[in-house]
Amino acid sequence: MIRTAVSAFVLIAALAACTPNPTTEALNKQASAEQTAAISAELNAWFDAKYEEQLQQSPIQMTFLGRKDKNDQIDCFTFACADEQLALQKAAVDELKAKFNYETLSAADKDSYDLWVYQYERAAQGVAYRNNGLVFDQMSGLQSFAPTFLMQFHAVDEEADARALVKRYTAAAASLQDALTIAKENAAAGVHAPKFAYEGVIDQSKKVITGAPFTDGPDSAIFADFKTDVQALVDAGKTTPEVAAELTAEAEAALKGPFLTFYNDLIAFATADMASSPDPAGPQGTSTQPNGEAYYNFMLAGQTTTKMTADEIHELGLAEVTRIQAEMEAIKTEVGFTGTLQEFFASIRDDKDNELHYYPDTDEGREAYIADATAAIEKIKTQLPNYFGILPKADLVVKRVEAFREQPGAAQHYYPGTPDGSRPGIYYAHLSDMKAMPKGELEVIAYHEGLPGHHMQISIAQELTSVPQFRTQAGFTAYSEGWGLYSEKLASEMPGTFESPYSDFGRLGSEIWRAIRLVVDTGLHSKGWTEEQAVQYFLANSAITEAQARSEVQRYIVTPGQATAYKIGMIHIQKLRAKAEAELGDKFDIRAFHDTVLGGGALPLDVLTRKVDQWIETVKAAPAE
């Protein structure tokens with residue numbers, strides 16, 4: 001309630017009779033609501049204007065949003081640019097605090113205010129750790145992100161888009177060289193990527209620049225993509241064959257110029273710095289870096305949005321592994337397996353030729369995987385209205401990861417569509433080795449990456465109109481990955497899912513996988529664990545293949561803290577639901593609960609708790625129907 005309004009209403013009440021007039025109360029509430037709405041509109045307009053200022057610094061994000069302004073440019077990757085962006089954030093936070101009185105804001109507006117400040121504070125704290133992160137690694141390094149972005153997200157709908165893409169090849173090369181300069185500075189400061197990470201960077205980089213126009217042979221993926229785009233323009237009558245040939249020649253020159261130079265420079269750097277990589281037989285986590293312990297604690301706080309320590313997370317993981325294994329024992333008994341749980345793991349993991357557990361390692365097997373994943377998603381769509389009031393508008397497609405970045409056994413992942421739905425969300429699957437992809441895991445991964453998991457959560461966030469735009473794009477790993485893991489369990493409550501005991505075992509395998517992550521991530525970065533120790537712990541406590549386990553462990557080494565967010569976020573959402581069910585009883589509505597969780601975009605867990613608590617109190621206060 002607004003302070004000035006309160007003062008006026010108190011004066012009116014004092015002049016009136018001791019018992020307030022009902023009409024006066026109604027007028028007071030109306031005026032208060034109108035003033036709160038006016039403040040909200042002003043605040044949201046301010047957020048949108050400031051967010052647009054920030055967006056202008058990121059042509060990449062603008063493209064992700066489906067916008068085409070600045071689509072011939074790429075973000076600046078220098079520390080100088082980062083300093084400018086941080087100064088812009090600080091000025092905005094200072095203005096926010098000076099312009100708006102937090103106490104007069106609505107609950108939803110307080111969430112927006114808190115998120116805006118939180119994002120700046122995290123960015124400011126991160127300055128101390130700029131030299132700790134790995135710029136290039138096998139998982140999400142810029143060497144693979146750049147061509148993926150240029151091929152998959154730069155839309156070529158008109159001739160002007162193709163010309164912009166040619167310019168972007170050169171712009172990307174310049175920014176990537178800036179990133180390489182930072183990697184060299186990090187190495188000089190004592191931060192070196194593990195040997196396996198550099199090997200992945202080199203392998204991916206060589207794949208990007210193999211084929212025409214870089215080498216003899218068929219077209220490289222990026223050049224073939226450009227040719228396909230301009231041919232589509234010709235076929236649609238949007239350009240001529242002559243202009244298409246001109247554009248193709250310009251693209252060839254750009255790719256063979258600074259673009260190729262960058263990849264050769266990166267390969268040379270990775271090859272040389274590999275000699276300084278941590279010993280593969282010893283610890284390779286953040287403990288090997290200067291300021292490594294503080295950096296890991298910073299990453300844990302950001303990934304989990306909690307104050308949990310590495311030791312607390314490690315112990316939680318051990319307890320969850322024990323709990324989930326008890327449920328796994330029940331399924332082992334159900335299918336009639338008489339050996340130990342570890343032997344049951346091995347029977348699933350190692351029986352590669354058993355079609356009950358694996359697809360053929362052929363193109364037909366890969367097509368079957370994509371078809372079955374798509375079918376699982378289509379099937380669960382029919383159940384969503386029973387569990388959600390808000391549904392996503394954007395479509396979802398399942399695709400195989402591009403060849404230049406595909407890795408055997410690597411984790412599946414999701415790329416969002418555009419807010420307007422013109423580009424669908426994409427669930428990517430690594431299918432180079434079908435014997436690293438157990439059938440029992442297909443269903444749970446489809447639900448996690450697709451529906452009701454990431455695609456639903458991120459699409460709903462992007463499509464929100466009741467919050468300022470920056471909130472539709474905010475990302476908090478514990479929330480988003482916690483939701484993805486919560487969705488796996490939620491899917492098991494829906495009819496027609498996990499009908500095979502092996503699929504349900506796959507669901508538990510996915511959950512224990514995330515519990516193991518709590519143990520392994522903290523082990524690698526705070527307890528001196530080696531890669532081999534972590535792999536063996538994985539194999540002893542889950543049914544995943546060694547290829548999957550090693551890929552996962554290597555991922556955790558190069559992305560400290562990220563793997564801990566899944567289980568911590570899931571448990572938090574489950575606790576919020578249990579609290580709501582207990583306090584609301586018959587008033588509890590699963591659809592309303594999910595809409596409350598998803599209806600404000602991604603949030604830090606403490607802000608999500610406040611939002612759910614407010615919803616619980618609102619439902620309690622509402623008259624029974």
Should the ring pair Tyr129 and Tyr295 be called parallel, tilted or perpendicular, given that the plane angle runs from 0 to 90° and is split at 30 and 60?
tilted

How long is the span from the CD1 atom in Ile222 to the CG atom in Leu165, to the nearest 0.5 Å?
7.5 Å

Centroid-to-centroid, Phe149 to Phe145, below 6.0 Å?
yes

To the nearest 0.5 Å, how far apart are CG in Leu431 and CG in Asp361?
10.0 Å

Taking every heavy atom of Trp46 against every heavy atom of Ala92, the minimum-distance pair comes out as CH2-O, 3.1 Å

Donor-acceptor under 3.5 Å (Gln303 side chain, Thr477 main chain):
no

Please list, chain by chain and in numerical order, all residues satisfying salt bridge (Lys or Arg N to Asp or Glu O under 4.0 Å) with Arg405, sequence neighbours excluded.
Glu402

Test item: side-chain donor near acceptor, Glu441 and Gln548, under 3.5 Å
yes

Shortest non-hydrogen separation from Ala461 to Gly601 and the atoms involved
CB-CA, 4.0 Å

Can you tell me if Asp109 and Ser40 form a side-chain donor-acceptor pair at under 3.5 Å?
yes

Heavy-atom donor-acceptor pair, Gln412 side chain to His430 backbone, under 3.5 Å
yes

Salt-bridge criterion met for Glu158 and Lys68 (N-O under 4.0 Å):
no

Any donor-acceptor N/O pair, Ser58 side chain to Leu55 backbone, under 3.5 Å
no

Checking side chain to side chain contact (heavy atoms under 4.5 Å, CB included) against Leu391, which of Glu463, Lys381, Met456 comes through?
Met456

Without hydrogens or angle criteria, can the side chains of Tyr120 and Asp94 be said to hold a donor-acceptor pair below 3.5 Å?
no

Under 6.0 Å between the ring centres of His454 and His413?
no

Any side-chain heavy atom of Asn132 within less than 4.5 Å of one from Thr286?
no

Looking only at atom types and distance, does a side-chain atom of Asn71 sit under 3.5 Å from a main-chain N or O of Ala164, one as donor and one as acceptor?
no

Side chains of Arg555 and Gln562: any donor to acceptor distance under 3.5 Å?
yes

Would Gln407 and Gln138 count as having a side-chain donor-acceptor pair, cut-off 3.5 Å?
no

Can you tell whether the side chains of Asp219 and Lys227 come within less than 4.0 Å, N to carboxylate O?
yes

Given Arg67 and Glu52, is the salt bridge (Lys or Arg N to Asp or Glu O under 4.0 Å) satisfied, shown in steps?
CA-CA 12 Å; Arg67 291 172 54 168; Glu52 180 61 28; 2.9 Å; yes

How about Tyr198 and Phe136: are their ring centres within less than 6.0 Å of each other?
no

Heavy-atom closest pair (Leu605 atom, Gly569 atom, distance to 0.1 Å) is CD1-CA, 4.3 Å

Within a 6.0 Å radius of atom CG on Asp216, are there more than 12 heavy atoms belonging to other residues, nucleotides or ligands?
no

Inter-residue atom distance Arg163.CZ - Glu246.CD, 0.5 Å rounding:
5.0 Å

How about Tyr427 and His455: are their ring centroids closer than 6.0 Å?
no

Compare all side-chain heavy atoms of Gln473 with those of Leu65 and state whether any distance is below 4.5 angstrom.
yes

Validation row, ring centre Tyr415 to ring centre Tyr428 under 6.0 Å
yes

For the pair Phe153 and Phe64, evaluate ring-ring contact (aromatic ring centres under 6.0 Å, His included) and give the outcome as yes or no after the intermediate values.
CA-CA 7 Å; Phe153 297 96; Phe64 278 134; 5.0 Å; yes

Quick test of your reading of the model: are Lys206 and Glu199 salt-bridged, counting only N-O distances below 4.0 Å?
no

In short, Arg168 meets Gln73 closest at the heavy-atom pair NE-O, 2.6 Å

Is it true that Asp83 and Arg130 make a salt bridge, defined as a side-chain N closer than 4.0 Å to a carboxylate O?
yes

Decide if atom NZ of Lys70 counts as having more than 12 heavy atoms of other residues, nucleotides or ligands within a radius under 6.0 Å.
yes

Sub-4.5 Å side-chain heavy-atom contact between Val191 and Pro290:
yes

Counting N and O atoms only, with roles assigned by atom type, does the side chain of Glu481 sit under 3.5 Å from a partner on the main chain of Ala565, one being a donor and the other an acceptor?
no

Please check: side-chain N/O of Ser422 versus main-chain N/O of Thr418, any donor-acceptor pairing under 3.5 Å?
no

Would the distance check show the side chain of Thr472 and the main-chain N or O of Leu464 forming a donor-acceptor pair, the cut-off being under 3.5 Å?
no

Can you tell which of Val117, Asp111, Leu115 makes a side chain to side chain contact (heavy atoms under 4.5 Å, CB included) with Tyr113?
Val117

In residues 251-269, what donor-acceptor pairs under 3.5 Å come from side-chain atoms, sequence neighbours left out?
residue, atom, partner, partner atom, Å
Thr261, OG1, Gly257, O, 3.1
Tyr263, OH, Gln143, O, 2.7
Asp265, OD2, Gln177, NE2, 2.8

Side chains of Trp483 and Ser487, heavy atoms from C-beta outward: is any pair under 4.5 Å?
yes

Using atom types as modelled and distance alone, determine if a side-chain donor or acceptor of Ser459 lies under 3.5 Å from a backbone N or O of Ala394.
no

4.5 Å side-chain heavy-atom contact, Phe476 and Val607:
no

Main-chain N/O of Gly285 paired with Thr288 side-chain donor or acceptor, under 3.5 Å:
yes

Pairwise side-chain contact, Gln54 with Gln85, heavy-atom cut-off 4.5 Å (strictly under)
no

Would you say Trp116 and Gln89 are linked by a side-chain donor-acceptor pair, where the criterion is simply a distance under 3.5 Å?
no

Locate the shortest heavy-atom distance separating Ser175 from Cys76; write the atom from each residue and the value.
OG-CA, 4.3 Å

With rounding to the nearest 0.5 angstrom, report the CD1 to CD distance, Ile209 to Gln204.
12.5 Å

If you take all heavy atoms of Ala446 and Ala376, which pair is closest and at what distance?
CB-CB, 4.4 Å

Under the side-chain contact (heavy atoms from CB on, under 4.5 Å) criterion, do Ile390 and Leu598 qualify, and how do the steps go?
CA-CA 8 Å; Ile390 305 172; Leu598 297 181; 5.9 Å; no

Pair Glu367 + Arg400, salt bridge at N-O below 4.0 Å:
no

Check whether Asp161 reaches the backbone of Asp157 with its side chain - one donor and one acceptor, N or O, closer than 3.5 Å.
yes

pair Ser220-Pro213: side-chain heavy atoms closer than 4.5 Å
yes

Are Phe226 and Leu247 close enough that some pair of their side-chain heavy atoms sits under 4.5 Å apart?
yes

Hey, could you give me the OG1/CD distance between Thr240 and Glu242, rounded to the nearest 0.5 Å?
4.5 Å

Check this for me: does any side-chain nitrogen of one of Arg366 and Asp433 sit under 4.0 Å from a carboxylate oxygen of the other?
no

Between the CD atom in Glu53 and the CG atom in Asp48, the distance rounded to the nearest 0.5 Å is 11.5 Å

